[in-house]
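In what follows, a structure is listed as structure tokens, so that the remarks can point back to it.
All of these numbers come straight from a predicted model, not from anything done at the bench.
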Amino acid sequence: MFRPILLLLPLLFTLFGFRPASAVEAARVPPDAQAIDLTRWVEKYSNQGDRIQVSTAPGPDGIVRRIEIHARNAGAHPSWIVFALTNDTDEQMERLIVAPHFRMAGSGVIWPDLGSERITEITASQGIPPEKEDVDDADVFRVTLDPGATVTYVAELKTPRLPQLYLWESDAYKDKTTELTLYKGIVIGIAGLLALFLTVVFVVKGAVIFPAAAALAWAVLAYVSIDFGFWSKVFGTQVEADRIWRAGAETVLAATMVVFLFAYLNLGRWHVRASHVAGVWLAFLTALVGLAVYNAPVAAGIARISLASTAGVGFVLVIYLATHGVERAVMLIPTWLLLVVWVVAAGFIVNGSIANDLAAPALLGGLVLIVMLIGFTVMQSAFAGGGGHGAISDVERKALALTGANDIIYDWDVVNDRIYVSPEIEEQLGVRRGDLEGPASSWLSLLHPLERDRYRACLDTVLQQRRGRIAQDFRFHASDGQYFWFRLRARPVVGPDGEVVRLVGTLTDVTDQKNAFERLLHDAVHDNLTGLPNREIFYDRLETALLQAESDADNRPNVLCVDIDSFSRIVRTVGASAGDSVLLTVARRLGRLLQTRDTLARISGDTFAVILAAEATTEQIVHLADRIRRSVSIPITFASREIPLGVSIGVALFDPQWHPKGEEMLRDAEIAMRFAKREGGGRVEVFRPSMRAQGANRRAMEGELRRALDSDEIKLFFQPIVRLDDRTVAGFEALLRWEHPRLGRIDASEFFPLAEESGLIVDIGLFAIQRAARELAAWQKALDVDPPFFACVDISSRKILRHDLLADVKNVLSRINILPGSLKLGLSEALVMENPEYAAQILGRLKELGAGLTLTRFGSGYSSLAYLQRFPLDIIRIDRGLAPQDPVTNRAAMLRSLVTLAHDFGMEAITEGAENESDVIEFSQIGCEYALGFAFGPPLSAAEARKLVGAAAEPAT
């Protein structure tokens, strides 16, 4: 009657949440076996809740029973293991089930297992319950197996990981523990003596490599002590605390290895970046020590990777320096090679490839041996050949220092009035040997006339005071006529009678220092190209002239500001050398037209300023300014090439009410000069007060434009580019707009001239490239089409083309994941043809970086077909000026010829100006691939463009 109930038990267990396990295979326990690895007989269970039902291993009678085990804590969800042992002998057996807390073998590199209590308790299916032994470094349970019995054991695990489970015979386990304890004690003793010895040597010797080696030895000692369990015995730490100590010790070991390598090889003197790399590395490892408190496995994993990296990188450095003749590196090769072998072996062990129980103790013993070899290497390096280096006398040391400093000995025998100097100064001055050895007065003829009295006064003062020091610079006349500066440092030697008997010191050649100092003084107030005064000295002289004007009504200073027209174009087209020649020519021409009382200065790159003190009336000043304009505007010839010149001149007339300070007067002259440039250049403008207001408005607008970039007022809009054969969106043209908080939306054509003049065009251009690349990445990620979406960004400024464009594009393409050639940079036909050779080089480099290239406004200028064929272009954009219908011109024929030309050169064509459906049909019939215009809608915001292509998510920054 119970058989049906037994058959229904599995179903009932399942309905009520119980999951009975299948019967386990029993492991036979031979009576003579000292240790049995139970790993292959262990079955592991997880997610069983707080109780587990298992089927026992079949006993001698073949009956399989079911047992239910409850977790120690109700509601817990521990992991379980089940295994069975069979005693088929006639004697009762006692064995030990051992699960070590920490096992290096198989612990892993990433998130390593740093040890823990493994088994909470073990329950036997029958017989005597297992008894837990008090062992510090393992969970040990004593089990008793009756004769002929098969016992199933269910163990509740403390952690999901169980690296090892052994069944030991009691005496064998005791013998093994005793042997390992003796071995561990020997290794710890050697490591401790080595650390203590290196510390003592550091205190005695003081070399920098000894504290590094001592720190490494102490770190190894701490690591070995923790790993061998000696640390927990001394300090009474728990298993969980040992995990933190073990992770911290591994981190400190990795850090001290970096410190030793850096100090021993003296990497700081080879390159300053080595110090930076080592410092960052050490700071990172130091932070890992703090991380070990919160997440020990992560800290230990990073430390192990760092230790392996140090060994590998260090071996490469050692070999490199050894091949370059560094003796220390040669001496370290055997030890570091052994360290690399140790790291490889450690990798096999922690990954579980080598799982022998003796592997970990042997590995730690090898680490101590390596540190011992490092200590021997350090001792050999520090004390090699050091037998007699410390035995020199103080006099010898000073003589060696004097020789090393390359100073000239100066010795005046006061009693005999005879000077002795080293022969080097006589060779330098070009005089005969012995000419400087004579009475002190004989030196007066060689000294500069302005310094003879000072030389006499120095000597007389020392003789009278009988104390003090001389530290003076003197100029000596050489035989070839030039002067050399020498610094005399000397002190008196007083005899028994209190009188000075000698004056002994050195002479040091400081000519280079004096010349450098004079050059610095000159360069501080002069332009280093033209030699003219700079802005600072110009302000000083203008302030002086204004002060004189307050007391002298006839002294009325006026200011001219002269700026070269199109100077940047001259530099771009002809070169920087031609630009320097232009500046020098302009400076000479200006200097010839000015009077002695006038001041000419170069205040910026191509801008000169003049203080006129000789001309009194306004007519004379304007007449002189016009003469300057006409004289400077004469073309010059450079390398058989004629360079046209022109200047814009601003005049600020003296007015105490408007110009109380020199800075304001020069500023007004600059305002007038800018007005002259705005009127086309090559003219003279006299400052009027109304110009200030206009200049202020422009400066205010420039300031707002600068803030617009930072406050995200510059927006990028996207005009769809449609593929004509299927009317699908192929890409977008990026358009810049300024969302001004007061003036509303401003087109790029309105604020680009201001950005070009102020230099902000470079930042705005880079902003457009970066933002377009981000949006392009979002489109391509959302919709994988072939060919992929592309984005066109116009490079409309010469400054952008010149200013690190290659570096900026490379940086964008390396950080943002877009398909090669899909970010197309557009350069106008006029911009490219200004300097075709330079443009060909830049375009080629951009193509190599992975950018696409588009020639914009094609057909609006006069391109050379020879150059056009050399440019690595992808697309030609036909200018919208050719697109409107013209009753006189056959537009279709013109467009067809341009499209055919693009196809012949292996390029595609985009036609701008598609305003209606008839334009689209016509462009398609002439063979154009793409069209752009309001027929496909107005420009879209970034969000609208993403929605159009199906990219709902924001682009990644």
Side-chain angles (χ1 to χ4, degrees), residues 716-724 728-736 748 764-781 783 785-797 800-801 805-806 808-832 839-840 842-859 863 868 870-880 898-899 902-903 905-912 914 928-933 936 939-940 942 945 948-949 955:
L716 207 62
F717 285 75
F718 298 92
Q719 180 78 41
I721 299 175
V722 174
R723 189 178 292 106
L724 294 179
T728 59
V729 176
F732 294 89
E733 178 190 15
L735 304 173
L736 284 166
I764 293 175
L766 179 58
F767 165 82
I769 294 174
Q770 291 174 336
R771 188 60 57 88
R774 286 177 49 200
E775 295 294 336
L776 179 60
W779 305 335
Q780 294 179 353
K781 182 178 179 181
L783 194 60
V785 295
D786 187 23
F789 286 114
F790 63 85
C792 296
V793 183
D794 284 353
I795 305 299
S796 58
S797 169
I800 301 178
L801 187 61
L805 178 61
L806 295 175
D808 291 339
V809 172
K810 181 179 181 181
N811 184 35
V812 170
L813 295 180
S814 63
R815 290 189 298 105
I816 301 177
N817 186 21
I818 57 177
L819 296 176
S822 59
L823 178 63
K824 301 186 182 298
L825 304 179
L827 290 89
S828 68
E829 181 183 10
L831 182 62
V832 169
I842 292 296
L843 295 180
R845 297 281 298 279
L846 290 172
K847 191 75 172 180
E848 293 173 359
L849 292 176
L853 299 174
T854 303
L855 185 66
T856 65
R857 304 196 65 186
F858 185 67
S863 298
L868 186 62
R870 290 177 52 191
F871 298 149
L873 300 170
D874 302 318
I875 296 177
I876 287 179
R877 282 173 52 185
I878 300 173
D879 185 58
R880 69 177 70 247
L898 293 178
V899 171
H903 291 168
F905 286 164
M907 310 171 195
E908 295 179 316
I910 298 177
T911 303
E912 301 177 355
C928 188
E929 286 83 4
Y930 308 100
L932 177 68
F936 309 112
L940 307 175
L948 179 62
V949 301

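In plain terms, the two heavy atoms of Leu716 and Ala768 that are nearest each other are CD2-O, 3.8 Å. Scanning both residues, Ile816 and Ala773, for their nearest heavy atoms gives CG2-O, 3.6 Å. Across Ile842 and Leu806, no two heavy atoms sit closer than the pair O-CD2, 4.0 Å. Nearest heavy-atom pair, Met907 versus His903, reported as atom, atom and distance to 0.1 Å: O-CD2, 3.3 Å. Scanning all heavy atoms of the two residues, the minimum distance from Leu823 to Ala772 falls at CD1-CB, 4.5 Å. Ala851 and Leu825 make their closest contact through CB-CD1, 4.3 Å (heavy atoms, listed as atom of the first residue, atom of the second, distance).
Not counting sequence neighbours, Phe789 has no partner by the ring-ring contact (aromatic ring centres under 6.0 Å, His included) test. The side-chain hydrogen bond (donor to acceptor under 3.5 Å, both in side chains) test applied to Gln780 returns Ser822, not counting sequence neighbours. Residues satisfying the side chain to side chain contact (heavy atoms under 4.5 Å, CB included) test with Arg723, not counting sequence neighbours, are Asp725, Asp726, Thr728, Ala730, Pro787, Tyr930. For Asn811, the side chain to side chain contact (heavy atoms under 4.5 Å, CB included) partners are Ser814, Arg815, not counting sequence neighbours. By the side chain to side chain contact (heavy atoms under 4.5 Å, CB included) test, Gln719 is found to be paired with Glu733, Leu735, Leu932, Pro939, residues two or more places apart in sequence or in another chain being considered. The side chain to side chain contact (heavy atoms under 4.5 Å, CB included) search around Lys847 returns Leu853, Pro872, Asp874, not counting sequence neighbours.
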The test is side-chain contact (heavy atoms from CB on, under 4.5 Å); show your working for Ile769 and Ile795 and say whether it passes. CA-CA 9 Å; Ile769 294 174; Ile795 305 299; 3.9 Å; yes

Can Thr911 and Leu898 be said to form a side-chain contact (heavy atoms from CB on, under 4.5 Å), step by step? CA-CA 10 Å; Thr911 303; Leu898 293 178; over 6 Å; no

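In this structure, CD1 on Ile875 lies 12.0 Å from OG1 on Thr856, to the nearest 0.5 angstrom. Interatomic distance, Leu819 CG to Leu813 CG, rounded to the nearest 0.5 Å: 11.5 Å. Between the CG atom of Leu843 and the CG atom of Leu827 there is a distance of 5.5 Å, given to the nearest 0.5 Å. In this structure, Ile818 CD1 and Glu775 CD are separated by 12.0 Å, a value rounded to the nearest 0.5 Å. Atom CD of residue Glu848 and atom NZ of residue Lys810 lie 11.0 Å apart, to the nearest 0.5 angstrom. Taking CD1 of Ile876 as the reference point, atom CD1 of Ile910 lies at 10.5 Å (rounded to 0.5 Å).
When each of Phe790, Trp779, Phe936 is tested with Phe732 by the rule ring pair (Phe, Tyr, Trp, His ring centres under 6.0 Å), just one qualifies, namely Trp779.
Counting heavy atoms from C-beta on, the side chains of Asp794 and Arg877 come closer than 4.5 Å.
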